Amino acid sequence: MGGGIIGTMHAVMARRRGYAVTHLEREPGGRGASVRNFGLVWVSGRRAGPELALALRARALWAEIAERAPGAGFRPAGSLTIATSEAELAVMREAAALPDAKQREFEVLSPGEVRSVNPAAGGDFLGGLYCRADAIVEPRVTLPALRASLSGPAYEWLPGHEAVEVAAGGVRDQHGTWHRGDLVVLCTGANFTGVAGPHLAALGEVTGLRRVRLQMLQTQPLERRLTTALADGDSLRYYPAYDVPSRLALPPQAAPAAASRAQLLLVQRLDGSLTIGDTHEYDEPFAFDVDEDAYDHLLARASALLGTPLPRVQRRWAGVYSEVVGVPALYHRSDVAPGVVLVTGPGGRGMTCSPAIAEETFQ
């Protein structure tokens, strides 16, 4: 149950193992965080240990799955994190010297080497960290592409069907129909109420689940072609792979970035448009509107790294995803009833790690 990336990847992995799948989604299609993200398969920033291992496994699975779902737009483009200060460059050098740097395919590049890898990076900077292991998919079309790859008598897609009741080995939708099977997987995303609500309420704070709100935007097409994803030095503050001693020497963020907990990530879509973000808001109730100061900061940073004015902004949006904090797990999995499991809370790693998360459910 759930038409987002976690639910859809469970359908993919179930079919790989020979199960017939009935796939329920309350909306006409995925509308949550799964379509409101960068489409990054992001190995570079993951914490050493189980998180990195999960991301690397997922990266390998994405490459396999994309062969059967070419419409997802998977491409092993890699990423460049750009340093505009010596302090940022020091963090990159230290991260590239860690034992797991080879797994991430890290390499610190000079400004000329950065431009050789990605000629569209035309701004002023001191160097960059190249991660060849990172990849990109197209978030707005990945879900239907994955479903199309499952097409056949053993896969039934039921949009507009919301699970309202759960029992051993089954769920009932709002039409009164029970859907039963060997295994029911509830992938409820950032919804902590609804069919999973009583279960989560009974577990209480032990789940470590919370919700995170973000802001992003997309421009009209840029004439230049970006050969990699791009990130600015503020991403070094956010991702655990860069938790090295030299990170303490990073100067304070610019005020708008600090206020919105912003980092710049930039991905060019296949049509040439640019997806730019993002921010992080943790305190609920979340704002119902979007903050222009955060957008102004991100657009200025993107323009500076590219060294050119950006195309007109075509669309802006906010999104909400769920994550686990204060617990050892990388995401939440629990048994709701016999033959019913809840999987949620992957955080910002959902798009990256979804195939490996689904694989672990069946293992």
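These numbers were taken from a predicted model, which means no experiment stands behind them.
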- Item | salt bridge (charged side-chain N to carboxylate O under 4.0 Å, His left out) partners of E94, counting only residues at least two apart | none
- Item | Polar side-chain atom of R301 near backbone of L298 as donor-acceptor pair, under 3.5 Å | no
- Message: Check this for me: E223, atom CD, are more than 12 non-hydrogen atoms of other residues, nucleotides or ligands nearer than 6.0 Å?
- Response: no
- Verdict with reasoning, T219 to S273, per side-chain hydrogen bond (donor to acceptor under 3.5 Å, both in side chains): CA-CA 5 Å; T219 73; S273 62; 5.8 Å; no
- Output, in order, the C-alpha distance, side-chain angles, deciding distance and verdict of side-chain hydrogen bond (donor to acceptor under 3.5 Å, both in side chains) for D234 and Q253. CA-CA 7 Å; D234 279 340; Q253 281 185 289; 3.2 Å; yes
- Query: Quick one: are Q174 and R26 in side-chain contact, heavy atoms under 4.5 Å?
  - Reply: no
- Message: Tell me whether E64 is salt-bridged to R59, with the criterion being a basic N under 4.0 Å from an acidic carboxylate O.
- Response: no
- Item | Euclidean distance, T81 OG1 relative to Y130 OH, rounded to 0.5 Å | 12.0 Å
- Query: Counting distance only, does the side-chain N/O of E25 pair as donor-acceptor with the main-chain N or O of G3 below 3.5 Å?
  - Reply: yes
- Query: Partners of P139 by side-chain contact (heavy atoms from CB on, under 4.5 Å), sequence neighbours excluded?
  - Reply: N37, R269, M351
- Query: F125 ring centre to R115 NZ or CZ under 6.0 Å, with the angle to the axis within 45°?
  - Reply: yes
- Query: Within the side chain of E138, is there an N or O that forms a donor-acceptor pair under 3.5 Å with the backbone of A72?
  - Reply: no
- Look at the side chain of R180 and the backbone N and O of G170, then say whether any donor-acceptor pair between them is shorter than 3.5 Å. no
- Task: Spell out, as yes or no, whether a donor-acceptor pair under 3.5 Å connects the side chain of S235 to the backbone of A231.
- Result: no
- Query: Is R68 close enough and on-axis enough to W62, meaning under 6.0 Å and within 45°, for cation-pi?
  - Reply: no
- Query: Could you give all pairs that pass the ring pair (Phe, Tyr, Trp, His ring centres under 6.0 Å) test and reach residues 177-226, with sequence neighbours left out?
  - Reply: none
- Message: Please report the interatomic distance CD1(I357) to CZ(R349), rounded to the nearest 0.5 Å.
- Response: 7.5 Å
- Return yes if some donor-acceptor pair links the side-chain N/O of R15 with the main-chain N/O of Y19 below 3.5 Å, else return no. yes
- Query: Counting only N and O atoms by type, is there a donor-acceptor contact under 3.5 Å from the side chain of E88 to the main-chain atoms of T84?
  - Reply: yes
- Value rounded to 0.5 Å, distance of CG in L230 from CG in L265: 9.5 Å
- Charged N to carboxylate O under 4.0 angstrom, E281 versus R213? yes
- Closest heavy-atom pair, V206 versus L203, reported as atoms and distance to 0.1 Å, is CG1-O, 2.9 Å
- Report, as yes or no, whether the 6.0 Å neighbourhood of atom CG on D271 holds more than 12 heavy atoms from other residues, nucleotides or ligands. yes
- Closest non-hydrogen atom pair, A95 against Y242: CB-CD2, 3.9 Å
- Message: Does D124, at its CG atom, have more than 12 non-hydrogen atoms belonging to other residues, nucleotides or ligands within less than 6.0 Å?
- Response: no
- Message: Looking at D100 and Q103, would you say the former's side chain and the latter's main chain have a donor-acceptor pair under 3.5 Å?
- Response: no
- For L80, which of T227, L129, L109 qualifies under side chain to side chain contact (heavy atoms under 4.5 Å, CB included)? L109
- Query: Is there a donor-acceptor pair closer than 3.5 Å between any side-chain N or O of S322 and the backbone N or O of G345?
  - Reply: yes
- W157 six-ring centre to R147 NZ/CZ under 6.0 Å and within 45° of normal: yes
- Rounded to the nearest 0.5 Å, the CG atom of L61 sits from the CZ atom of R16 at a distance of 5.5 Å
- Message: Quick check for you: to the nearest 0.5 Å, what is the distance between L342 atom CG and M1 atom CE?
- Response: 8.5 Å
- Item | Contact check, side chains of I136 and F74, non-hydrogen atoms, under 4.5 Å | no
- Item | Closest contact, heavy atoms only, A87 versus P251 | CB-CD, 4.1 Å
- Message: Give me each pair satisfying salt bridge (charged side-chain N to carboxylate O under 4.0 Å, His left out) with a member in residues 302-330, each pair once, sequence neighbours excluded.
- Response: R210-E323, E292-R316
- Item | Taking every non-hydrogen atom, the tightest pair across A11 and H23 | CB-ND1, 4.1 Å
- Message: Whether the side chain of R36 engages the backbone of R31 through a donor-acceptor N/O pair (distance < 3.5 Å, no angle test) should be reported.
- Response: yes
- Message: Below 30° counts as parallel, above 60° as perpendicular, anything between as tilted: where do the rings of W42 and Y239 land?
- Response: tilted
- Message: Per the ring pair (Phe, Tyr, Trp, His ring centres under 6.0 Å) rule, what does the pair list look like for residues 255-282, sequence neighbours excluded?
- Response: Y238-H280
- Message: Taking E162 first and then R172, would you say they form a salt bridge - that is, a charged N and a carboxylate O separated by under 4.0 Å?
- Response: no
- Query: Does the side chain of T361 come within less than 4.5 Å of M9's, by heavy atoms?
  - Reply: no
- H10 and T8: side-chain donor and acceptor closer than 3.5 Å? no
For residues 254-264, please give each side-chain donor-acceptor pair under 3.5 Å, one per line with the distance, not counting sequence neighbours.
unit_1	atom_1	unit_2	atom_2	d
S260	OG	P256	O	2.9

- side-chain hydrogen bond (donor to acceptor under 3.5 Å, both in side chains) evaluation trace for Q220 with Q314: CA-CA 6 Å; Q220 291 183 343; Q314 185 66 30; 3.0 Å; yes
